[in-house]
Amino acid sequence: MNILITGGAGFIGSHLAEYLLKMGEHVQVIDDLSTGSFENISHLKLNRNFSYRIASIENEELLAEMVDVADVIIHLAAAVGVRLIVESPVRTIETNISGTEAVLRAAAKKKKLVFVASTSEVYGKRTNVPFHEDDDLVLGPTSRGRWSYACSKAIDEFLALAYWREKKLPTIVARFFNTVGPRQTGRYGMVVPTFVRQALNNETITVFGDGKQSRCFCHVADVIDAVWKLVKNPQSVGQVFNIGSTEEVTILELANKAKDSVKSRSDIRLIPYDQAYEEGFEDMSRRVPALGKITNLIGYSPRRDLDDILHDVISYERNRAQAQSAGQNRPADATV
Ligand code: UDP
């Protein structure tokens, strides 16, 4: 099969590209490197089954050419990361909505299956966990920038499902819950790489709020495995699925775990949200996926726990630091 991955030079996309190439598939990547990085895919360049274009998915002609030779499109290109959303709301909203429109429009012309990556953010500030795919979404007011991300991804979901219902374009939507692992950058606020780097450098570990908020982190290797199984299962078309883990940890516990795992001398400091992000920032207190739907369809169950995640992120970050001090670009063992 030929698989087109939008955002394929990003954290999740590059792992997926590698995984599919290992399985003998052909992979095309389109990425504008806005949050992705060429380093993530440079080691794939020599693979004969791999091709890439550094361009925006809003380049209609190029996208049409790539869609034409693809059997499936896995649409991961998006503006992600809470910090980016707070700092660049226009870019977030425009990228997420018009980028997905462009991909669906191009795919519809050729009737190619599209997998659309969404996010657990769409559940908003619901408190009754776990979150089921058909639950109501509880979003904050438009005056609070954070919710623009959830809204933009909710529109993407509506659009993908509308293309299926109205135009019979096969689409699948999946909501990723805090996907983490090697290669994720802390640049846009993601907590696991941030804490690991702070701990490794014996810097202050910055816990936002009171640290009692919790998340369920899921290893990227479990996520991409699920993505591919969904793509291959015809019964997933026209449906929405959660992908994540149910191992819940508070952010303060995570900070302590990161610190203990590397025997760090870091201190852990609580930082109020309005200092960390912006005045009136609203965080979610808990976020746990209901996994019954995806488990029933593809037998999904994450195989790696939080200790495995920390182990992999720590060794990636250690190698990255070593490679940087030796003047190389990329650590050798970034694969999962
Ligand atoms: N967080 C933190 N310190 C950081 C970055 C994030 O305490 O340096 C918190 C953040 O406020 C949230 C949780 O960690 O409660 C997860 O943040 P992330 O941005 O990784 O993902 P989110 O679940 O917010 O999408």
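All ligand and atom numbering here is 1-based and tracks the order in the structure. Model, not experiment: these values are computed from the prediction.
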Closest heavy-atom approach to atom 21 (O) of ligand 1 among Asp283, Ile85, Thr206, Asn178 is made by Asn178
Within 6.0 angstrom of Gln235 CD, more than 12 heavy atoms from elsewhere: no
Got Thr179 and Phe176 here, is their nearest side-chain heavy-atom distance under 4.5 Å? yes
Check ligand 1 against Arg287 and write out every atom of the ligand that is under 4.0 Å from a heavy-atom position of the residue. 22 (P), 23 (O), 25 (O)
Ligand 1 versus Val191, non-hydrogen atoms closer than 4.0 Å: side chain, backbone, both, neither? both
Where ligand 1 meets Thr194 - atom numbers and elements under 4.0 angstrom, heavy-atom basis: 8 (O)
Against heavy atoms of Val207, which atoms of ligand 1 measure under 4.0 Å? 7 (O)
Ligand 1 to Arg146, heavy atom cutoff 4.0 Å, flagged ligand atoms 24 (O)
Tell me, which protein residue and heavy-atom name are nearest atom 13 (C) of ligand 1, and how many Å apart are they? Ile251 CD1, 3.6 Å
Lys/Arg N to Asp/Glu carboxylate O, Asp312 vs Arg183, below 4.0 Å: no
Closest to atom 4 (C) of ligand 1 by heavy-atom distance, out of Phe281, Tyr277, Phe208, Tyr273, is Phe208
When you compare the side chains of Tyr123 and Arg175, does any donor N or O come within less than 3.5 Å of an acceptor on the partner? yes
Is it the side chain (CB and beyond), the backbone, both or neither of Ile271 that lies under 4.0 Å from ligand 1, heavy atoms counted? neither
Numbered atoms of ligand 1 (with element) below 4.0 Å of Met190, judged on heavy atoms: 19 (O), 20 (O)
In this structure, is the centre-to-centre distance between the rings of His15 and Tyr19 below 6.0 Å? no
Give the residue and atom name of whichever protein heavy atom lies nearest to atom 19 (O) of ligand 1, and the separation in Å to one decimal. Gly189 O, 3.3 Å
Is the closest side-chain donor-acceptor distance between Glu121 and Trp147 under 3.5 Å? no
I'd like to know if the side chain of Thr250 and the backbone of Lys212 have a donor-acceptor N/O pair within less than 3.5 Å. no
Is the Phe208 to Tyr273 ring centre distance short of 6.0 Å? no
